[in-house]
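Please read the structure below before turning to the comments.
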Amino acid sequence: MSEQNDLSDFLNGKTEYALELFRFFVDEFSKVAEVNVRALKSMISIEGRHNYVYITQLGKNFVHVVFHFKTPFEENLCFNKIAQVPGTNQFNHHLRLYFKEDINDEVKAFMKLAASGNQNA
């Protein structure tokens, strides 16, 4: 993964631990699908043919990721919050990564689902 220059504003001043976790997440996602990492105003988008996920926060020891699906996937062990975007059929699934091991088979399955564009599966 090459971090684009426009990511520097978002990544500057972050701990090496958070940066390593961020890079690991992007690397793992790139094993599922071709990804482009793009800085937005207040978050980082990981995208390909679709917008896959948004990284909304890099803390001292975590990375906060939001998957958006058209269906709420209530039966899971990885998302700590699922919220419908008002007035839409989009459900934001919040995932907070503290360790590389948090990117387990369940998370990888949701990565594949997000990358497929078939968000109702």
Side-chain angles (χ1 to χ4, degrees):
M1 173 204 65
S2 65
E3 293 172 7
Q4 301 171 357
N5 290 338
D6 55 355
L7 288 179
S8 62
D9 287 341
F10 198 87
L11 300 178
N12 280 342
K14 303 303 180 189
T15 64
E16 188 53 43
Y17 184 85
L19 293 173
E20 185 178 325
L21 194 55
F22 165 75
R23 290 181 188 113
F24 183 76
F25 179 76
V26 173
D27 287 345
E28 289 298 303
F29 216 121
S30 67
K31 293 177 184 176
V32 172
E34 186 174 321
V35 299
N36 179 44
V37 180
R38 184 169 61 102
L40 303 175
K41 234 179 185 175
S42 62
M43 63 187 84
I44 295 173
S45 175
I46 298 178
E47 54 195 29
R49 291 182 305 142
H50 313 282
N51 287 334
Y52 301 146
V53 300
Y54 296 108
I55 295 176
T56 59
Q57 188 178 10
L58 270 75
K60 288 183 179 183
N61 65 340
F62 68 87
V63 173
H64 191 88
V65 181
V66 178
F67 288 76
H68 46 271
F69 296 115
K70 293 179 182 172
T71 303
F73 294 101
E74 302 286 350
E75 299 296 321
N76 72 80
L77 298 174
C78 60
F79 298 120
N80 59 351
K81 176 181 166 185
I82 299 172
Q84 185 172 11
V85 176
T88 71
N89 66 341
Q90 177 178 313
F91 292 85
N92 288 344
H93 294 64
H94 297 259
L95 170 67
R96 188 159 283 195
L97 303 170
Y98 290 97
F99 306 101
K100 291 178 180 179
E101 296 78 23
D102 291 341
I103 304 171
N104 58 23
D105 290 340
E106 182 181 37
V107 172
K108 289 176 184 176
F110 282 112
M111 289 172 157
K112 288 177 185 172
L113 183 61
S116 76
N118 183 15
Q119 300 177 0
N120 293 319

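Fair warning: this is a prediction, and the values are worked out from it, not measured in the lab. Residue numbers start at 1 and run along the sequence shown. Reckoned from all heavy atoms, side chains included, excluding hydrogens, waters and symmetry mates.
- For Glu74, the side-chain hydrogen bond (donor to acceptor under 3.5 Å, both in side chains) test picks out no residue, with sequence neighbours left out.
- Counting only heavy atoms from C-beta outward, the side chains of Asn76 and Ile82 approach each other to under 4.5 Å.
- Interatomic distance, CD of Glu16 versus CZ of Phe22, reported as 12.5 Å (0.5 Å rounding).
- Of the possible polar contacts, none joining the His94 side chain to the Ala83 backbone as a donor-acceptor pair under 3.5 Å is found.
- Leu58 and Leu40 sit in two unconnected hydrophobic clusters of ILVMFWY residues. Membership requires side-chain heavy atoms under 4.5 Å apart, directly or through other members.
- Between Phe67 and Phe69, the two ring planes are parallel [angle under 30°; tilted spans 30° to 60°].
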Under 3.5 Å, which donor-acceptor pairs do the side chains of residues 105-113 form with other protein atoms, sequence neighbours left out?
| from | atom 1 | to | atom 2 | distance (Å) |
| --- | --- | --- | --- | --- |
| Glu106 | OE1 | Leu77 | N | 3.2 |
| Glu106 | OE1 | Cys78 | N | 3.3 |
| Glu106 | OE2 | Leu77 | N | 2.9 |
| Lys108 | NZ | Glu28 | OE1 | 3.4 |

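- Residues Leu97 and Phe73 are members of one and the same hydrophobic cluster, defined by side-chain heavy-atom contacts under 4.5 angstrom among Ile, Leu, Val, Met, Phe, Trp and Tyr.
- Side chains of Leu95 and Asp102 form no contact here, defined as non-hydrogen atoms less than 4.5 Å apart.
- Note on residues 47-61: pairs passing salt bridge (charged side-chain N to carboxylate O under 4.0 Å, His left out), not counting sequence neighbours, are Arg38-Glu47.
- The hydrophobic cluster analysis finds Val66 isolated: no Ile, Leu, Val, Met, Phe, Trp or Tyr side chain comes under 4.5 Å of it, directly or through other members.
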Assess the residue pair Val37 and Ile55 against the criterion (side-chain contact (heavy atoms from CB on, under 4.5 Å)); give the C-alpha distance rounded to whole Å, side-chain angles, the decisive distance to 0.1 Å, and a yes or no. CA-CA 10 Å; Val37 180; Ile55 295 176; over 6 Å; no
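- Aromatic ring orientation, Phe79 versus His93: perpendicular (interplanar angle above 60°, classes split at 30° and 60°).
- In terms of heavy atoms, Ala18 sits closest to Val63 at O-CG2, 3.8 Å.
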Under 3.5 Å, sequence neighbours excluded: what are the donor-acceptor pairs made by side chains of residues 84-92?
| from | atom 1 | to | atom 2 | distance (Å) |
| --- | --- | --- | --- | --- |
| Gln84 | NE2 | Thr88 | O | 2.6 |
| Thr88 | OG1 | Val85 | O | 2.8 |
| Thr88 | OG1 | Gln90 | N | 3.1 |
| Gln90 | NE2 | Asn92 | OD1 | 2.8 |

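- By the criterion of side-chain heavy atoms lying less than 4.5 angstrom apart, applied directly or through intervening Ile, Leu, Val, Met, Phe, Trp or Tyr residues, Met43 is not grouped with Leu19; the two fall into different hydrophobic clusters.
- The ring-ring contact (aromatic ring centres under 6.0 Å, His included) search around Phe29 returns Phe25, Tyr52, not counting sequence neighbours.
- For the pair Ser42 and Phe10, the tightest heavy-atom approach, listed with the atom from each and the gap, is O-CE1, 3.5 Å.
- Two residues are said to be in side-chain contact when any heavy atoms from C-beta on lie closer than 4.5 Å; Asp27 and Lys31 fail this criterion.
- Heavy atoms from other residues, nucleotides or ligands lying under 6.0 Å from CD of Glu34 number 12 at most.
- Contact between Thr15 and Gly59 at its shortest, heavy atoms only, is OG1-O, 4.1 Å.
- If you chain together hydrophobic residues whose side chains sit under 4.5 Å apart, Tyr54 and Phe24 never meet in one group.
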Under the side-chain contact (heavy atoms from CB on, under 4.5 Å) rule, what do Asn61 and Leu21 come out as? Steps first, then yes or no, please. CA-CA 8 Å; Asn61 65 340; Leu21 194 55; over 6 Å; no
